[in-house]
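Quick notes on the structure that follows.
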Amino acid sequence: MPTTPHPAARTSAVDTARRPAPAPPRTGALALLSGALLGLFGLLLTLVVLRWGPLLSLDTALAQRLHRTAVTAPAWTHRNRVLSDWVWDPWTMRALLAVAVGLLLRRGERLLAVWVAATALLGTGLQQAVKALVGRARPVWPDPVDSASFAAFPSGHALSAMVAGALILWLLRLRGIPARWRWAAGAVVAISVVGVGFTRVFLGVHWPSDVVGGWLLGGALVAGSVAAYHAYGATGVRPGGAQRTGWRS
């Protein structure tokens, strides 16, 4: 006598909508990274506020050495000004993210677009708030080759490049861009982040620790934002019951 096959399990759209989203990969690691970077930033901030002697000595020595080169090499100084004031300027970074946000909105990914925009705006707000609270003076030279406004710590150029670059790399991963192109983009981001930090010290408008502070705060912000998105934002339910899960949100 033939056996009757068991009916296949059927999953309704309602069941799918009720099922919790799987934990996104690396969320915990990103949260730990964010906390570690924030802790290092807090330590550096404390040393800057307390005017810790060894840090100030190192800042002064490096800044003086680069400034002497900038004064005696006007062609290099001009190239650095172009890179710092145009290619890697914070407004260039914001424009790049604005394009990314526009593309996300065009694709109907409103949550992700708002998340990216909010992260960038928060970075700018944090940078300005810390600058105002710390009030660190910029380097002063008898023969300056460039000038800048506002307080020194942290570097807005360094923070903006870190935030924009890290967010773009995250979006490329979300879109499933092939690894070779993401590696190429990563190289461009790394050169930009390191390069803009160098230009700010070379042009004599920042201390080295200002640049490191911008990198640390920007990295902590993006790592925390991405972790929060995958932990909370990506578990939302689209109208009609479709669940958003995984990296391709």
Side-chain angles (χ1 to χ4, degrees), residues 11 13 16-17 19-37 86-126 157-196 214-249:
T11 304
T16 301
R19 185 180 302 156
R26 299 182 178 86
T27 300
L30 284 170
L32 290 174
L33 176 61
S34 178
L37 293 175
W86 294 98
V87 179
W88 294 323
D89 184 76
W91 284 106
T92 305
M93 299 297 105
R94 291 167 191 147
L96 182 63
L97 288 178
V99 171
V101 168
L103 292 174
L104 291 171
L105 290 174
R106 186 176 180 182
R107 292 171 59 94
E109 298 184 78
R110 292 186 296 274
L111 174 63
L112 188 55
V114 170
W115 210 280
V116 170
T119 302
L121 290 173
L122 182 58
T124 300
L126 284 174
H157 281 69
L159 184 145
S160 298
M162 175 65 79
V163 169
L167 285 174
I168 292 299
L169 292 179
W170 175 48
L171 293 177
L172 292 178
R173 176 161 189 164
L174 285 177
R175 297 279 65 78
I177 301 300
R180 64 181 181 276
W181 295 111
R182 286 191 281 113
W183 276 104
V188 172
V189 168
I191 292 171
S192 299
V193 170
V194 174
V196 74
W215 290 338
L216 291 174
L217 185 57
L221 173 63
V222 175
S225 177
V226 172
Y229 177 83
H230 287 296
Y232 304 103
T235 61
V237 179
R238 293 184 185 273
Q243 183 105 12
R244 286 178 293 186
T245 61
W247 283 98
R248 295 177 177 270
S249 301

Requested in this report: With rounding to the nearest 0.5 Å, note down the distance linking CZ in Arg175 to CG in Leu104.
Outcome: 7.0 Å
Report summary line: In this structure, CG of Leu37 is separated from CH2 of Trp215 (nearest 0.5 Å) by 13.0 Å
Query - Closest approach of Met162 to Gly219 (non-hydrogen atoms, all atoms of both residues) - result: CG-N, 3.4 Å
Query raised in the report: Of the non-hydrogen atoms in Val163 and Val222, which two are nearest, and what is the gap between them?
Result: CA-CG2, 3.7 Å
Query raised in the report: Looking at Trp91, does the NZ or CZ of Arg94 lie under 6.0 angstrom from its six-membered ring centre and within 45 degrees of the ring axis?
Result: yes
Query - Rounded distance (nearest 0.5 Å) linking atom CG of Leu121 with atom CG of Leu126 - result: 11.0 Å
Query raised in the report: So which heavy atom on Ile168 is nearest to which on Ala100, and how close?
Result: CD1-CB, 4.1 Å
Query raised in the report: Which pairs, with at least one residue in residues 95-108 and sequence neighbours excluded, count as a salt bridge (charged side-chain N to carboxylate O under 4.0 Å, His left out)?
Result: Arg107-Glu109
Query raised in the report: Can you name the nearest heavy-atom pair linking Pro90 to Ser160, along with the distance?
Result: CB-OG, 3.5 Å
Report summary line: For Val101, the side-chain contact (heavy atoms from CB on, under 4.5 Å) test, sequence neighbours excluded, returns Leu105, Ala113, Val116, Ala117
Query - Distance-minimising heavy-atom pair for Val196 and Ala158 - result: CG1-CA, 4.1 Å
Query raised in the report: Closest heavy-atom contact between Ala166 and Val189?
Result: N-CG1, 4.5 Å
Query - Rounded distance [0.5 Å steps], CG in Leu103 versus CG in Leu171 - result: 9.5 Å
Report summary line: Separation between CD1 (Ile177) and CG (Leu169), nearest 0.5 Å, reads 11.5 Å
Query raised in the report: Distance-only, no hydrogens or angles: does the Ser192 side chain make a donor-acceptor pair with backbone N or O of Val188 under 3.5 Å?
Result: yes
Report task. For the residue pair Trp86 and Asp89, establish whether any side-chain heavy-atom pair is separated by less than 4.5 Å. Result -> no
Report task. Evaluate side-chain contact (heavy atoms from CB on, under 4.5 Å) for Tyr229 paired with Val226, printing each intermediate quantity in order. Result -> CA-CA 5 Å; Tyr229 177 83; Val226 172; 5.6 Å; no
Query raised in the report: For residues 217-226, which residue pairs qualify under side-chain hydrogen bond (donor to acceptor under 3.5 Å, both in side chains), counting only residues two or more places apart or in two chains?
Result: Trp115-Ser225, Thr119-Ser225
Query - Backbone of Ala161 reached by a side-chain donor or acceptor of Trp88 within 3.5 Å - result: no
Query raised in the report: Say you draw a straight line from NE2 of His230 to OG1 of Thr27; how long is it, rounded to the nearest 0.5 Å?
Result: 6.5 Å
